[in-house]
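Below is one structure, written out as structure tokens; the observations come after it.
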Amino acid sequence: MTATHPSSKMAGRGDVLLRIGRWLGEESGDRTRPVILAVVLVLAALGLIEVASASSVESVAAGKNPYDLPLKQAMWTAAGIAIMFGLARLRTRHIRWLAWPLLGAAVVSLGMVFTPLGMTVNGNRNWLGVGGLTVQPSEFAKLALVIWAAAVLSRKQALVHEWRHAVVPLLVPAGAVIIGLVALGHDLGTAMIIMMILAATMFYGGVRMKVFGVAGILGAMLALILAATSGNRVGRIASWLGAGSADDSQGVGYQALHGQYALASGGWFGVGLGQSRQKWNWIPEAHNDFIFTILGEELGLAGTLLVLVLFTVLGVAVFKVIARTQDPFARIVSSSVITWIIGQAVVNIAMVTGLLPVIGVPLPFISYGGSAMISSLAGIGMILAVTRPQTVQTVRPKKPQQAVHRSRIGS
């Protein structure tokens, strides 16, 4: 048998990355775009493993198939990856054409939540149920808002220094309507993420800092009002601040406290994949918003740092690609999408580690949920699409004889 030289293996892997990059439209052979794709796929695979581990116990306790949720998540992940690759091949002008239809569909679907088709899950009315399929419209509204806001701001680049053009129609009525519909469904976490997305589009769209600052203050005030008008949210904030009752560990702070127990018991390298103890009904809905705690318990500090490094590499790679993009629309879309994904990941990790109160925000690519998975992968597809170098078709000069002959025919 002949041994394969390590350099030939590395060359083979490099060729695979190069082919993927060229398929995505990067004719220069730059490997940044395949890195984005690789990181996203690794995060999604890690999410499938942890969803299978975190959900199996509760499924068995409820008399359900322990593989039911992992199989559903795998199906949604496969669909999301297919959508991501499909969107990655679109031209920027095609995505720009989708701006208004996507916004209209987002507003209509958010309004349908309050019809008989709407569903209430864990106190939040933000789901649509059609047959056996459930969809969370607010997740898709995030991407729709990014595309529409980028289309508006890129067209108004010469006018965004005027506060009226910066506010209308971005904040009023579009942003206000979407945030209002989500807030009416009692989903403060998603409403805050959408506020962050709006702020990102304004910042990358070149809106003056004065307008940006005033909008930020108003958004913070709105978030405080929404938090203060709910007894459950006030209780969570009080528990986070340490002002809860002596038995708070069995009340509002139960989930957060046991999440910290899980992270603490993981140690440096974890208790082993699938060996979590806190997932045995100690952490409610462990496969959803608190999946990072199960990951930390099973894979330890090393596993949590791996997730942080992957998100960091994803952010750096996307901004590296954005730096080579000249189109304002493409820059706003890409920057806003990656700010949404990285920002939501930071909020989720800060929430489960006790740095923020529990507000119910999933960890992108890892938490269980079909709508969140598909919308996040679609966002990456949009980034790959709008940052793809646009090929310029060269027009061959006509032969003199043909030009003369045609001119004579025209005369």
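Side chains are part of it too, since the values below use all heavy atoms of this structure and drop only hydrogens, waters and symmetry mates.
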Review point. Does atom CZ of Phe203 have more than 12 heavy-atom neighbours from other groups under 6.0 Å away?
Key: no
Review point. How about Ile338 and Phe319: do any of their side-chain heavy atoms sit closer than 4.5 Å?
Key: yes
Study note, to complete from the structure: Scanning both residues in full, the closest heavy-atom pair of Gly259 with Ile283 reads CA-CD1, 3.8 Å
Practice item. Say whether, by atom type as modelled, one donor and one acceptor occur between the side chain of Lys156 and the main chain of Ala166 under 3.5 angstrom. Key: no
Check your understanding: Can you list the steps and then say if Glu162 with Arg208 is a salt bridge (charged side-chain N to carboxylate O under 4.0 Å, His left out)?
Key -> CA-CA 8 Å; Glu162 300 180 18; Arg208 294 178 62 180; over 6 Å; no
Exercise for review: Could you tell me which non-hydrogen atom of Phe269 sits nearest to which non-hydrogen atom of Ala302, and how far apart they are?
Suggested key: CD2-CB, 3.9 Å
Check your understanding: Between Ile342 and Gly315, what is the shortest heavy-atom contact and its length?
Key -> CD1-N, 4.3 Å
Review point. Quick one: does Arg33's side chain have a donor or acceptor within less than 3.5 Å of a partner on Leu384's backbone?
Key: yes
Check your understanding: So, does Glu297 use its side chain to make a donor-acceptor pair with the main chain of Arg277 at under 3.5 Å?
Key -> yes
Point to revise | Side chains of Gln278 and Thr293 in contact at under 4.5 Å (non-hydrogen atoms) | key: no
Check your understanding: Would Tyr67 and Ser56 satisfy side chain to side chain donor-acceptor pair (under 3.5 Å), going step by step from the backbone distance to the final call?
Key -> CA-CA 7 Å; Tyr67 302 106; Ser56 59; over 6 Å; no
Review point. For Gly274, does its backbone N or O pair with a side-chain atom of Lys279 as donor and acceptor, under 3.5 Å?
Key: yes
For a quick test of your reading: what N or O donor-acceptor pairs under 3.5 Å do the side chains of residues 356-371 make, sequence neighbours left out?
| residue | atom | partner | partner atom | Å |
| --- | --- | --- | --- | --- |
| Ser367 | OG | Asn288 | O | 2.8 |
| Ser367 | OG | Leu363 | N | 2.8 |
| Ser371 | OG | Gln136 | N | 2.9 |

Check your understanding: Which heavy atom of Leu69 sits nearest a heavy atom of Ser55, and at what distance?
Key -> CD1-CB, 3.7 Å
Check your understanding: Quick one: which of Leu181, Val182, Val113 gives a side chain to side chain contact (heavy atoms under 4.5 Å, CB included) with Pro137?
Key -> Val113
Review point. Is a side-chain N or O of Asn348 found less than 3.5 angstrom from the main chain of Asp289, in a donor-acceptor match?
Key: yes
Per-pair distances, 0.1 Å, donor-acceptor, side chain in residues 213-228, under 3.5 Å, sequence neighbours excluded:
none

Practice item. Measure from the side-chain N and O atoms of Arg324 to the backbone N and O of Thr387, and report whether any donor-acceptor pair falls under 3.5 Å. Key: no
Exercise for review: Start with the C-alpha distance between Arg331 and Thr325, add both sets of side-chain angles, then the distance that settles side chain to side chain donor-acceptor pair (under 3.5 Å), and finish with yes or no.
Suggested key: CA-CA 6 Å; Arg331 293 172 72 93; Thr325 304; 5.9 Å; no
**Study point:** Side-chain heavy atoms of Leu299 within contact of Leu273, under 4.5 Å
**Key:** yes
**Study point:** Any donor-acceptor pair under 3.5 Å from Thr304 side chain to Leu301 backbone
**Key:** yes
Point to revise | Within 6.0 angstrom of Met192 CE, more than 12 heavy atoms from elsewhere | key: no
Practice item. Side-chain contact test, heavy atoms from C-beta onward, threshold under 4.5 Å: evaluate it for Leu184 versus Phe114 and give yes or no. Key: yes
Review point. Closest heavy-atom contact between Val333 and Ala150?
Key: CG2-CB, 3.3 Å
Review point. With no hydrogens and no angle check, is any side-chain donor or acceptor of His161 less than 3.5 Å from a backbone partner on Ala158?
Key: yes
Practice item. May I ask you to decide if the ring planes of His258 and Tyr261 are parallel, tilted or perpendicular, using 30° and 60° as cut-offs? Key: perpendicular
Check your understanding: Are any side-chain N or O atoms of Thr190 and backbone N or O atoms of Asp187, one a donor and one an acceptor, separated by less than 3.5 Å?
Key -> no
Check your understanding: Which heavy atom in Ser375 sits nearest to a heavy atom in Ala372, and how many Å separate them?
Key -> OG-O, 3.1 Å
Point to revise | N/O donor-acceptor pair under 3.5 Å between Gln157 side chain and Gly205 backbone | key: yes
Check your understanding: Taking atom types as modelled and ignoring hydrogens, do the side chains of Glu298 and Ser53 form a donor-acceptor contact shorter than 3.5 angstrom?
Key -> yes
